[in-house]
Every structure is written in structure tokens, then in C-alpha cells.
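The structure appears right after this line, and notes come after that.
Bear in mind the structure is a predicted one, so any value in this text is a computation, not a measurement. A note on names: the letters A, B, ... follow the listed sequences, proteins ahead of strands, and every chain is numbered from 1.
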Number of protein chains: 2
Amino acid sequence: MSGALRHALLGSLSQERASGYELARRFERTLWRHAWHAQYSQIRPELDRMADDKLITVVATGARRRRTYSITRAGQAELQRWLRAPPAKFVARSEFVLRLFLLSTLDPADARTLLAPIADASAEELATLRAAVATAGTSAGAGAPLSFDRLAAEFSVRSVAALHEWARWALTELDR
Amino acid sequence: MSGALRHALLGSLSQERASGYELARRFERTLWRHAWHAQYSQIRPELDRMADDKLITVVATGARRRRTYSITRAGQAELQRWLRAPPAKFVARSEFVLRLFLLSTLDPADARTLLAPIADASAEELATLRAAVATAGTSAGAGAPLSFDRLAAEFSVRSVAALHEWARWALTELDR
DNA sequence: TTTCCCATGTAATCAGTTACATGATTAG
DNA sequence: CTAATCATGTAACTGATTACATGGGAAA
């Protein structure tokens, strides 16, 4: 098992304990866009396997059968082991980027009608991201450690900016 | 079937006809890093299904049982239909980016030893990409259409630059 | 002649999605 | 009381990987 999902879950739990449902929402909120995505129906059985392997434990059971999981010592160790031994090669799967490249197979008019909304949406998203980074910078402030959220936010700003600039470049190329 | 692989193959064949083996090499060379990845053992049976569906046809059989495929009219139409109807939401799976975000779970020394090579490698890759874009710009030149390769190259330059700048930002944050 | 690359074929397994079903709790 | 949300559970299916096996052709 290479186990990106498993380690994404360990990482999420190392930030803060959570139920399966809550973990699914975290994927929805932060991870899905650039890093990793998983649905509840995949997360749920994986949590059971991770508990079997003693990487996580149930630390509370609440209303609606809610089981709150926490990462164990063994889980922390496994996560760090995994992070310190990255594979030589990484592959990505982004249907979005695939579609960007395949715009080359459309005629210019169709390409333009698909590109323009991408340029607009990325500009808008960029403004939102920059605003979030700015407010986080003033409040939590200078001395804060490199949290998952900061790493992700700073990465997102730069890569959405890159997307925006690419889309604008492609649009000007189409107008020549 | 959502079928990103199928449409990636159609897109590749709409550029130029190829055998299954050649398509696998194209994934290896251009698509895998940012857009999509597939191995031969997945491509091979998909080509058979696409041929059954008349989206591609064998246009030549050569040495070593090589079958060269070409996209059909129906295949072109299917590709364009798919491109013109993008889903509302896209998810990405990049173990590389996941690992970047999870650096937050390591202590600063370990994070630095993983980040520094990323900063270096991305700088190097960026130089290579910029050089390739520059030479392509002077030779094929101004009037060329938006080919798959140009779209991919210009996108790669911008997103590798974004990665590099993010890594340098993270390293300076670690030194405070 | 032997090694490397081209090229296909396939079985077993693992990862991920879709589509359900069930029911408790909270908010309005 | 009613709707929305929280929360788990699971079966069937599709997508993707791993690990083989086979053999032709080119180049050293």
C-alpha cells in the first residue's frame, strides 16, 4: 500500500482529533482542490483499518454514534516515516489541468468561451485567498509556526495566480 | 463513465496517431506531472474498448504486432462534446502537494531537509522549461496556433515557478 | 549473440465512486 | 413538527496498479 489517503488522514488527525464525518468535511474544505480528495464512503472503512493497525484510536463517543478519533504514537511515527521517505517520482491526476491542455483541440472560438470564465474565476478566487492570507497574517501574526493551513494557503495563492496568468496569456494568444 | 483517461487518449490521438506503447510514452513524457497519468496496462484495454466504440481505429499494423491508432470522426466529436461540458467541480490528487502541506507535522529541521531539495529542483526545472519555451518561441515562432505542447509548456513554467516561490517562502519562514 | 527497447496480453489486487439505507440531533 | 445536518454502514461497480508472461526487432 502506498497509502496517500491513509497518510492524509493521519496528517489531518495530527492537527486535531475528529470523527469520520468531520474528516470528510475537511477534505471538502481544504484538501480537495490542490492536494487530495476522498469521499466519506472511502474514508469510513479506511478509519476502521487504521484503528485495527493501532495508528488511531477512538477517544470519545458522542451523540449520533459519533466516534472521535485521535492519532496514536504509532500513527505519528508512521506519518513521519512516510514523509521522510518520499518516492523518486510523483504523478498527478487533475482533470481540470487535463482539460486546459486539451483546449488545443478546439477551435479558437470554443477555446475562448471556456478560457474566459477560468480567467475570471481564478481572479476572483485569488482575491479571496489573498484576503484570507492577509487577515491571518495580522491576527495569528509573525511568530506562528508553519501550520498546515498556512502552507496550504500560501501554496494556493501562488498556484491560483499561476493559473490566472496562464489563462490570460492563452487568451491574448488566441487574439492574434 | 466520466472518462478522463479515455479523453486524454482521444486528445493525444487527435494530435497524432500512435500505438498503445507510444501513447504510454507520451503520458510519461508530458502528461504525468501536472495533468494526468496512466500506465500501459490501463491504456491497453481502454484502447480496445475505444475501438469497439468506434472512437478510434487501427490505421496500420507494423512490426512487432504494432497497431497504429487514429481518432475517428466520432472520436473527435466525443472529445469536443466532453470538453464543452465541464463538470461544476474538479478534484485533484497529487501526492506531491499533499506531502508539501503535511510538512507542517514535522519539526523544523526535518521540514528544512525536505524543502531545500524541492526549492533547488524546482529552480533547475524552471530553467529548463524556460529555455524550452524560448527556443520554441524563436523557431516555430509567432503565428503558431495554441498547440497542446505550448499550452502545457506555458502552464508548467508558471506552476513550477509558483512551487519554487512557495518553497523559498516556506524556507525563510522556517528561519525565523 | 546478447542486450535493450518495442509491443502486446492478462490476472489479481487495491483504490475510489456511486448509490443506496438507516437513524439521531439540532435549528427553525 | 419538519427540514437540515450529523453520522455511520455497506454493496456494486469502475478505475488504476502490480506483477507477471510472451516474443519480435534493432543495435552493439
- Query: Would Leu9(B) and Phe27(B) satisfy side chain to side chain contact (heavy atoms under 4.5 Å, CB included), going step by step from the backbone distance to the final call?
  - Reply: CA-CA 9 Å; Leu9(B) 291 169; Phe27(B) 272 97; 3.5 Å; yes

- Taking side chain to side chain contact (heavy atoms under 4.5 Å, CB included) as the test, write out the residues that go with Pro108(B), two or more places apart. Arg112(B), Leu174(B)

- Task: Figure out the CZ/C1' separation between Arg6(A) and dC14(C), and round it to whole Å.
- Result: 12 Å

- Query: Hey, mind stepping through Arg49(B) and Asp53(B) against salt bridge (Lys or Arg N to Asp or Glu O under 4.0 Å) and telling me if it holds?
  - Reply: CA-CA 6 Å; Arg49(B) 285 189 291 267; Asp53(B) 294 346; over 6 Å; no

- Residues that Phe90(B) engages under ring pair (Phe, Tyr, Trp, His ring centres under 6.0 Å), provided they are two or more places apart: Phe96(A)

- Query: Can you tell me how far P of dA11(C) sits from CD of Gln42(B), to the nearest Å?
  - Reply: 17 Å

- Query: Is a side-chain N or O of Arg84(B) found less than 3.5 angstrom from the main chain of Leu114(A), in a donor-acceptor match?
  - Reply: no

- Message: Under 4.0 Å, heavy atom to any atom of DNA chain C: which of residues 15-29 of chain A qualify?
- Response: none

- Message: I'd like to check the ring pair (Phe, Tyr, Trp, His ring centres under 6.0 Å) partners of Phe148(B); sequence neighbours left out, ordered by chain and number.
- Response: Phe101(A)

- Five-pair end axes of the helix from dT1(C)-dA28(D) to dG28(C)-dC1(D) and the angle they enclose, rounded to 10°: 40°

- Message: Just to be sure I understand the geometry, which residues of residues 50-66 of chain B put a non-hydrogen atom under 4.0 Å away from DNA chain C?
- Response: Arg64(B), Arg65(B), Arg66(B)

- Message: If we count only N and O atoms by modelled type, under 3.5 Å, do the side chains of Ser19(B) and Arg67(B) hold a donor and an acceptor together?
- Response: no

